[in-house]
Amino acid sequence: MPGTIDALDPELAAAFAAMPKAANGTLLELSDIPGLRAQFRAARAHVAPAPADPRVTIETLRIPRADRTELEVVLYRPAGAEHALPALVWFHAGAQVLGDNARDDDAYHTALALDLGCVLAAVVYRLAPETPAPGAADDGYLAYTHLAEHAVEHRIDPHRIGLAGASGGGAPAAATALMVRDRQAVRPCSLSLLYPMLDDRLETPSSFEAVSEVVFARPDIRLAWAAVLGDRLDTGDVHPYSAPGRATDLADLPDTFVAVAQFDVLRDEGIDFARRLTAAGVPVDLHLYARAFHAWDRFAATSTLARSFEQTWHTFLRRNLHG
């Protein structure tokens with residue numbers, strides 16, 4: 001770990017040094033998922049809510065599932081925009097086991113909606129282990145198709161809806177794209193995968209690199225996949241809707257943006273997914289950020305490297321959302 005810190009971008013190294021660490025020296029340890037959730041809830045309870053931003057209106061949709069439960073999708077819309085806007089369907093980070101309140105990230109969602117001039121649709125997808133895969137992807141498909149089918153009601157352009165996911169959210173984002181293609185729904189205009197968690201097999205070189213264990217270690221990603229897959233872990237009985245890195249047919253997916261960090265156990269599965277998309281004829285923007293660690297844009301949001309990434313990603317999104 002000390003050698004890794006020395007190799008990090010100086011601003012990222014300073015941000016990492018200032019953050020509390022798990023017992024193994026990383027930022028996130030997943031041996032006790034319920035305990036970690038409780039810890040995060042307690043921390044949030046001590047933070048005063050940010051004042052509402054008048055530049056954005058926030059609406060919570062509750063979309064019925066087939067089992068009579070409801071999927072929550074929170075829409076952030078630039079205020080005063082009465083015409084149809086493009087939309088970005090967003091899948092939050094959290095290793096597919098953390099993150100049950102979209103409103104906890106209002107500031108980030110608001111900033112995306114304003115900077116991109118779009119409706120940001122934050123999907124509160126079901127988490128593992130309570131809901132195993134492909135439950136999160138089913139929620140993504142429901143959210144996406146609902147917005148496309150009710151586009152007039154929500155003042156959204158149905159042909160300008162993108163999919164985007166960060167870290168654990170990369171799995172349901174990519175799986176939703178596969179479902180949309182396979183079921184011949186309205187095609188998304190783009191897919192963004194930010195340092196994505198895609199492949200339960202953990203067979204890539206970076207998944208074995210000790211120097212890449214900054215935010216989390218290999219055992220923690222394995223614990224997350226165990227929660228997501230249950231007794232399917234370490235078997236061949238895993239559908240790409242549950243682990244998109246296993247997909248063998250990536251043709252006809254939308255233009256895709258992939259960003260990965262040098263020091264991240266998930267680095268190589270993102271690169272491999274981008275490579276196979278390219279081989280399938282899908283236009284891909286692939287960016288490898290040197291001296292960065294997993295989710296550097298969130299942990300060191302004011303750093304030069306985070307701002308550079310944001311500019312590059314947002315340029316891709318504007319090009320595809322607004323055409």
Side-chain angles (χ1 to χ4, degrees), residues 1-33 36 39-40 43 92-99 105 108 111 165-170 192-225 245 257-275 285-316:
M1 183 68 70
T4 304
I5 303 309
D6 293 342
L8 290 175
D9 172 89
E11 289 181 291
L12 271 58
F16 179 81
M19 286 181 279
K21 312 297 189 296
N24 63 2
T26 68
L27 299 183
L28 191 64
E29 200 266 332
L30 293 173
S31 61
D32 180 7
I33 292 170
L36 190 58
Q39 179 183 330
F40 286 167
H92 64 79
Q96 303 182 70
V97 299
L98 302 170
D105 221 4
Y108 184 75
S167 190
S192 296
L193 301 173
L194 314 183
Y195 31 88
M197 173 184 172
L198 299 172
D199 197 329
D200 63 291
R201 292 167 293 187
L202 299 178
E203 294 175 347
T204 64
S206 65
S207 71
F208 292 96
E209 290 177 355
V211 295
S212 293
E213 296 182 331
V214 180
V215 173
F216 40 64
R218 175 187 171 86
D220 297 300
I221 291 299
R222 182 171 172 79
L223 286 170
W225 277 116
F257 180 98
V258 179
V260 295
Q262 179 180 357
F263 298 108
D264 185 356
V265 295
L266 303 182
R267 180 194 68 217
D268 292 340
E269 62 193 65
I271 292 172
D272 179 65
F273 198 75
R275 178 189 61 77
D285 284 28
L286 170 62
H287 301 271
L288 168 60
Y289 286 84
R291 300 183 178 276
F293 56 77
H294 184 85
W296 75 96
D297 61 311
R298 303 303 304 274
F299 289 117
T302 61
S303 66
T304 300
L305 203 57
R307 291 196 299 270
S308 173
F309 156 76
E310 181 181 276
Q311 182 179 21
T312 301
W313 180 40
H314 289 197
T315 297
F316 167 88

Passes side-chain contact (heavy atoms from CB on, under 4.5 Å), K21 versus T26? Steps please.
CA-CA 6 Å; K21 312 297 189 296; T26 68; over 6 Å; no

Does the side-chain contact (heavy atoms from CB on, under 4.5 Å) test come out yes or no for L27 and F16, once each step is laid out?
CA-CA 8 Å; L27 299 183; F16 179 81; 3.6 Å; yes

Could you go through I271 and T204, starting from their C-alpha distance and side-chain angles, then the distance that decides it, and tell me whether this counts as side-chain contact (heavy atoms from CB on, under 4.5 Å)?
CA-CA 10 Å; I271 292 172; T204 64; over 6 Å; no

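Interatomic distance, L193 CG to F273 CZ, rounded to the nearest 0.5 Å: 6.0 Å. Once rounded to the nearest 0.5 Å, the distance linking CG of L305 with CD of E11 reads 8.0 Å. Distance check, rounded to the nearest 0.5 Å: CZ of F208 to CG of L202 gives 7.5 Å. Distance check, rounded to the nearest 0.5 Å: CZ of F263 to CG of L12 gives 10.5 Å. Of the inter-residue distances, the one linking D199 atom CG with L266 atom CG reads 10.0 Å to the nearest 0.5 angstrom. Residue D268 holds its CG atom at 6.5 Å from CD of E209, rounded to the nearest 0.5 Å.
Side-chain N/O atoms of S207 and E269 include no donor and acceptor closer than 3.5 Å. Between the side chains of W296 and S303, no donor N or O sits under 3.5 Å from an acceptor N or O.
R267 contributes no side-chain N or O that, together with a main-chain N or O of L288, makes up a donor-acceptor pair within less than 3.5 Å. Side-chain atoms of D220 come within 3.5 Å of backbone N or O of L30 as a donor-acceptor pair. Although no hydrogens or angles enter the test, the distance criterion places a donor-acceptor pair under 3.5 Å between the side chain of E213 and the main chain of R218. A donor-acceptor pair under 3.5 Å links the side-chain atoms of S206 to the main chain of V265, judged by distance alone. Although no hydrogens or angles enter the test, the distance criterion places a donor-acceptor pair under 3.5 Å between the side chain of T315 and the main chain of Q311.
Residues Y289 and T312 have side chains in contact (heavy-atom distance under 4.5 Å, counting atoms from C-beta outward). In this structure, the side chains of R201 and W225 stay at 4.5 Å or more apart for every pair of heavy atoms. With a 4.5 Å cut-off on side-chain heavy atoms, D9 and F293 do not count as touching.
Taking all atoms of both residues into account, the shortest heavy-atom contact from A274 to V258 is CB-CG2, 4.1 Å. Between G270 and P196, the shortest heavy-atom contact is CA-CG, 4.3 Å. The shortest non-hydrogen separation linking Q96 to G168 is CG-O, 3.3 Å. In terms of heavy-atom proximity, A95 sits nearest to A224 at O-CB, 3.7 Å.
Identified under the salt bridge (charged side-chain N to carboxylate O under 4.0 Å, His left out) test for residues 285-306, with sequence neighbours left out: D105-R298, D285-R319.
The distance between the ring centers of F309 and H287 does not fall below 6.0 angstrom.
In this pair, Y195 and H294 present their aromatic rings perpendicular. The plane angle is above 60°, beyond the 30 to 60° band.
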